[in-house]
Amino acid sequence: MAKDFPTREENYAQWYNDLVIKADLAENSAVRGSMVIKPYGYAIWEKMQATLDKMFKDSGHVNAYFPLFIPKSFFSKEASHVEGFAKECAVVTHYRLKNSPDGKGVVVDEDAKLEEELIVRPTSETIIWDTYRNWIQSYRDLPILVNQWANVVRWEMRTRLFLRTAEFLWQEGHTAHATKEEAIEETLKILDIYAKFAEEWMAVPVLKGVKSPNERFAGAVDTYCIEALMQDGKALQAGTSHFLGQNFAKAFDVKFLSKENKLEYVWATSWGVSTRLMGALIMAHSDDNGLVLPPKLAPVQVVIVPIYRKLEQLEQISEVALKVKEKLEKLGISVKYDDRDTFKPGWKFSEYEFKGVPVRLAIGPRDLENNTVEVARRDTLEKEVLQLEDIDTKVKNLLDQIQKKLYYKAQSFRDDNTTAVDTWDEFRDVIENKGGFVLAHWDGTPETEEKIKEETKATIRTIPLDTKKESGKCIYTGKTSTQRVIFARAY
RNA sequence: CGGGGUGUGGCGCAGUUGGUAGCGUGCUUGACUGGGGGUCAAGAGGCCGCGAGUUCGAGUCUCGCCACUCCGACCA
């Protein structure tokens, strides 16, 4: 099944696509631009969800749910917000179908036109702030720290599995605060959660930073982001956290009485990560043999494959294998024992390798005699034969080791592909031939960023937060600059 | 929305100057097999994207439509 798909070198885009489909993560659906997330892919997403959900709750947030449909009029209330999303909104205009006159199928019933058209949410700021108006009167009602898990629709022209689909799954947090400082603090707190999740669970190193005005969320004062580097040298925005200022409070007239008995506008944030993280996860670690998953997010962490000739042998092996499974499960490891007689061991090896299962154990007659088990790790493809004694802690340690190794590998890749440049020629050369993150001085103007984008397709991915100030000259205009920013071609 | 490509068993493809559809893989059954995608045998499976036209005859030629896909402009 896994044969015949291109290497990363040959065709990176095709490699990614084939990987997603052949590893059973997702497939294209009958609806253009919308995908079906298959059980194996969805299991990964569920683990992401569960982890993030806990992190949000541990930091004081609660979940709620707001409607899929948003009245059209809500959108026009915040000027830059409309502008940002208007071009990609799906609109509901009618609420009824009827049999077509020719008797073949159904048509829209023109008599069932909606008074006010509804937008399928591309994001929920408008409906949520319209709601918050009623929730907030006093400083005592603040802060509101709400998150929702939902689907959203953005009518994209070109789509790619997980990376950009017309409909996608995400979480969106929407918080309301009494002060500017508190809202900014919230924005950064979430950014830290995102970074921690990416690095510790996904094993993907990310840069934390702030977006340039060109890349800012429509309606935000500041957009913070985590930015990851993929194996083809392109950047991927993995999560965003927005400080919205009082923009939405003003647009939706959300005011509160402060302790000082003054009527003030509420300060807001919003933040989200989506199924796009799946794309980042896949591209960050996988190789030409298929998917590579970090143990912490792998739906199956360990697979056990029995090797046998006769069914009596299988019984003996199963006895040992099931004991191993039980011991591993006691340590919280998810184990699959694949004793299907309908597939050959070699076939199973390839299958699980392709699907990125971190550790494979094989137990055969020789192992029964010697009290051993063959342990294979997916990330390095190394195999070794270990004594059965303490196999549970050995495997647990191995999983931890794989998790760390994946992160370090991704980190050293990123380091190798981060280049500081000081001249325009150098800049163009690196963007064109090497790729990756390029650290360069920029004069701070949207015009310059736009010009650079036109000429090189590279954009400012982020203005890093934890970086030293350093004076220099803009690579494009030569004007003075106080800090290097990160340029890259991006997904 | 512009430019290219592709639509043929589940999947991947071949199909010559028009003559009634084939290969690989997968599927079913059986035997032998089993420590890296096994071998052999016997089977099942097709509105050739859709619609017109040319022709005695169209997977093949003509026209129209639809879908998918890749490359650009737009985007998490």
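Within the cation-pi definition used here (under 6.0 Å to the ring centroid, within 45° of the axis), R360(A) qualifies as a partner of F349(A). Geometrically, K77(A) engages F74(A) in a cation-pi contact, judged by NZ or CZ lying under 6.0 Å from the ring centre and within 45° of the ring axis.
A heavy atom lying under 4.0 Å from RNA chain B marks the following residues of residues 373-392 of chain A, by number: E374(A), K383(A). In the region residues 359-369 of chain A, proximity to RNA chain B at under 4.0 angstrom, judged on heavy atoms, holds for R360(A), A362(A), G364(A), P365(A), R366(A), D367(A). For the segment residues 216-232 of chain A, the set of residues with a heavy atom within less than 4.0 Å of an atom of RNA chain B is empty.
Within 4.0 Å of L163(A), counting heavy atoms only, lies at least one base atom of the nucleic acid.
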How does RNA chain B look in dot-bracket form if you count Watson-Crick and G-U pairs under 3.5 Å, write [ ] for pairs that cross, and put | where a base pairs with another strand? (((((((..((((.....[..)))).((((((.....)))))).....(((((..]....))))))))))))....
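The number of heavy-atom neighbours closer than 6.0 Å to CZ of R340(A), taken from other residues, nucleotides and ligands shown, is above 12. Atom NZ of K323(A) is surrounded by 12 or fewer heavy atoms from other residues, nucleotides or ligands within 6.0 Å.
G59(B) sits 30 Å from A42(B) when the C1' atoms are compared, rounded to a whole Å.
For H285(A), there are no ring pair (Phe, Tyr, Trp, His ring centres under 6.0 Å) partners at least two apart in sequence or on another chain. Here F487(A) pairs with F427(A) under the ring pair (Phe, Tyr, Trp, His ring centres under 6.0 Å) rule; sequence neighbours left out. Listed by chain and residue number, D58(A) satisfy the side-chain hydrogen bond (donor to acceptor under 3.5 Å, both in side chains) test with K54(A) (two or more places apart in sequence, or in another chain). Residues that satisfy the side-chain hydrogen bond (donor to acceptor under 3.5 Å, both in side chains) test with S286(A), not counting sequence neighbours, are absent from this structure. Under the rule for a side-chain hydrogen bond (donor to acceptor under 3.5 Å, both in side chains), the partners of R378(A) that lie at least two apart in sequence or sit in another chain are D287(A).
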Got a list of protein N/O to nucleotides 28-30 of chain B N/O distances below 3.5 Å?
none

Expected rows: protein N/O vs nucleotides 65-73 of chain B N/O, under 3.5 Å:
| from | atom 1 | to | atom 2 | distance (Å) |
| --- | --- | --- | --- | --- |
| C68(B) | OP2 | R32(A) | NH1 | 3.4 |
| C70(B) | OP1 | N17(A) | ND2 | 3.4 |
| C71(B) | OP2 | R158(A) | NH2 | 2.2 |

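For W271(A) and H61(A), the gap between ring centers is short of 6.0 Å. Separation of the F217(A) and F85(A) ring centroids falls under the 6.0 Å cut-off.
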For residues 37-49 of chain A, which side-chain N or O atoms pair as donor and acceptor with protein atoms under 3.5 Å away, sequence neighbours left out?
| from | atom 1 | to | atom 2 | distance (Å) |
| --- | --- | --- | --- | --- |
| K38(A) | NZ | D24(A) | OD1 | 2.8 |
| Y40(A) | OH | K355(A) | O | 2.7 |
| K47(A) | NZ | A298(A) | O | 3.1 |

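Here the nucleotide nearest the side chain of F349(A), chosen from G36(B), G37(B), G34(B), is G36(B).
Nearer to the 5' terminus of RNA chain B, by closest-nucleotide assignment, is the contact made by P345(A) (compared with the other of K453(A) and P345(A)).
Residue P67(A) comes nearest to I127(A) through the heavy atom pair CD-CG1, 3.9 Å, listed as atom of the first residue, atom of the second, then distance.
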